[in-house]
Amino acid sequence: MVMTQRIAVLGATGSIGDSTLAILAAHPQNYEVYALSGYQRLDKLLALCQQFTPKRVAVPTSAVDEFAQRLRSVGLNTDVVGGQSGLIELAKDSQVDTVVAAIVGAAGLPSTLAAARAGKRILLANKEALVMAGQVMIKAVKTHHATLLPLDSEHNAIFQCLPAAIQQDNTQIHDQSYGVRKLWLTASGGPFLRKSFTQMQQAGVAEAVKHPNWSMGQKISVDSATMMNKGLELIEACHLFDLNESKIKVVIHPQSIIHSMVEYNDGSFLAQLGSPDMKTPIAHALSYPKRIDSGSQPLDLFALSALEFIEPDLQKFACLGLARQAMQAGTQATTVLNAANEIAVAAFLAEQVRLTDIAAINEQVLNEVQVPLLDANSDIDDILAIDSLARSYTETLIAKMV
Ligand code: NAD
Ligand code: MG
């Protein structure tokens with residue numbers, strides 16, 4: 001008998017939400033869409049409610065009443081909850097088996113943490129949750145016997161290339177008998193890989209969000225252009241795989257065919273390959289340890305001409321160095337960096353600062369803001385206080401620039 005997994009897709013109206021729901025729609029016998037959330041584009045959320053008939057849905061607090069009315073008018077009696085408390089309620093709902101954490105940015109942290117504390121199976125796209133609260137998240141996962149499966153394509157690739165014992169308990173990576181020497185995170189290099197710093201400086205929004213291989217949300221697309229995305233992923237990998245940043249290398253691989261690698265002490269490099277389509281890692285995590293058809297195009301090996309590997313230019317992509325610096329300093333610093341970056345990216349998208357200003361802003365905030373230390377026992381409110389302090393510091397800094 002097939003057991004139906006009940007799923008809550010938080011961030012259902014986004015790019016990861018789209019890919020996830022496409023897979024869920026193709027396998028109705030395996031998965032029930034129990035809850036959805038959306039923040040903007042509520043027309044799209046309404047259409048998703050009509051298609052998937054979830055039992056519960058979360059929207060911004062200010063939209064609860066109107067959205068409930070719209071649902072009734074199309075004959076649905078879905079339960080509507082609002083705001084962060086609504087998202088938390090869905091994440092820990094006793095009917096939910098699996099939470100797809102696909103909200104973008106710090107806004108995804110409270111519900112992702114709530115899912116961990118409720119012992120859920122978490123499919124993690126929201127990398128910012130680990131960047132801000134890695135130790136607290138991992139501790140919650142262990143204490144409450146939650147399962148954390150990475151959706152980020154690089155981390156999913158590494159997960160697939162690790163032995164089962166390490167997949168089940170990340171601290172086993174330190175058992176020398178498994179021979180893990182290093183992790184290799186691949187990066188596409190984004191749209192400015194082969195452009196000069198000056199060209200990058202002059203780039204407008206449309207050019208910056210036009211990723212050569214992946215189709216993604218706006219924020220992560222800008223992060224890919226500055227390589228802050230790889231910096232956030234480096235921090236994410238340190239927490240997911242319990243490794244020091246010095247054990248994690250970044251290599252630019254412009255074709256985005258190898259999604260990341262594990263280097264072993266016998267000289268083996270294990271890699272996961274596939275078309276650049278998030279449906280593959282999402283399907284892997286949904287069905288793990290089994291496999292289902294993801295609907296992605298199979299990789300056409302004969303159509304590939306070459307696979308290149310390039311060392312990142314840390315001057316052009318200074319955000320990558322900042323991520324290492326922050327990771328060495330501790331979780332308070334990675335929280336500051338993440339907050340500064342979210343504000344700087346929003347200012348770039350609003351055409352207030354240049355693309356290359358993002359790294360300079362991040363660096364200045366990281367070096368100047370004074371915050372208390374965080375550790376695995378920190379309270380989420382302490383983390384959110386550092387996040388908001390760094391946000392307002394960054395906003396003030398940007399206000400002086402424009
Ligand atoms: P997106 O912008 O397309 O979607 C974001 C979702 O979050 C939407 O449903 C939106 O309504 C919701 N949201 C935004 N602000 C919110 C708030 N304040 N409160 C509640 N909900 C809010 O983003 P995306 O590209 O799907 O990325 C989602 C997450 O997945 C990010 O953390 C990103 O780094 C990560 N990720 C994305 C990709 C990708 O290919 N898109 C790949 C790897 C990891
Ligand atoms: Mg990624």
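Predicted, not measured: the structure shown is a model, and the values here were computed from it. Order of appearance sets the numbers: ligands from 1, and atoms from 1 within every ligand. Numbers here are sequence positions counted from 1.
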Would one find an N or O of Ser37, backbone or side chain, under 3.5 Å from an N or O of ligand 1? no
Less than 4.0 angstrom from a charged side-chain N to a carboxylate O is my criterion; do Arg56 and Glu89 meet it? yes
Have a look at Asp152 and say which of its N, O or S atoms is nearest the Mg ion (ligand 2). OD1
Validation row, ring centre Tyr288 to ring centre Phe159 under 6.0 Å: yes
Any idea which part of Lys127 is under 4.0 Å from ligand 1, heavy-atom wise: side chain, backbone, both or neither? both
Looking at Gln5 and Leu286, would you say the former's side chain and the latter's main chain have a donor-acceptor pair under 3.5 Å? yes
Applying a heavy-atom cut-off of 4.0 Å, say which part of Ser15 lies close to ligand 1: side chain, backbone, both or neither. both
Answer with yes or no whether the side chains of His253 and Ser188 bring together a donor and an acceptor at under 3.5 Å. no
Nearest to the Mg ion (ligand 2) - the N/O/S atom of Glu233, by atom name: OE2
Just which atoms of ligand 1 are under 4.0 Å from any heavy atom in Gln40? 10 (C), 11 (O), 14 (C)
Please say whether Gly11 places an N or O atom under 3.5 Å from an N or O atom belonging to ligand 1. yes
Can you tell me which N/O/S atom of Glu154 has the shortest distance to the Mg ion (ligand 2)? OE1
Could you check whether His174 and Asp242, counting side-chain N and O atoms only, form a donor-acceptor pair closer than 3.5 Å? yes
Heavy-atom donor-acceptor pair, Arg121 side chain to Ala146 backbone, under 3.5 Å: no
Got an N/O contact under 3.5 Å between Ile16 and ligand 1? yes
Do the charged groups of Arg194 and Glu308 touch, with an N to O distance under 4.0 Å? yes
Pick one of side chain, backbone, both or neither for how Glu128 approaches ligand 1, counting any non-hydrogen atom pair under 4.0 Å. side chain
What is the nearest protein non-hydrogen atom to atom 14 (C) of ligand 1, stated with its residue, atom name and distance? Val104 CG1, 3.8 Å
Side chain to side chain donor-acceptor pair (under 3.5 Å) assessment of Ser275 paired with Gln297: CA-CA 7 Å; Ser275 301; Gln297 276 299 102; over 6 Å; no
State whether the shortest distance between N or O atoms of Gly217 and N or O atoms of ligand 1 falls below 3.5 angstrom. yes
Find all atoms of ligand 1 within a distance of less than 4.0 Å from any non-hydrogen atom belonging to Asp152, and give their numbers and elements. 43 (C), 44 (C)
Taking N or O atoms only and a 3.5 Å limit, does Gly14 qualify as a polar contact for ligand 1? yes
Heavy-atom pairs closer than 4.0 Å: do any link ligand 1 to the side chain of Ser153, the backbone, both, or neither? neither
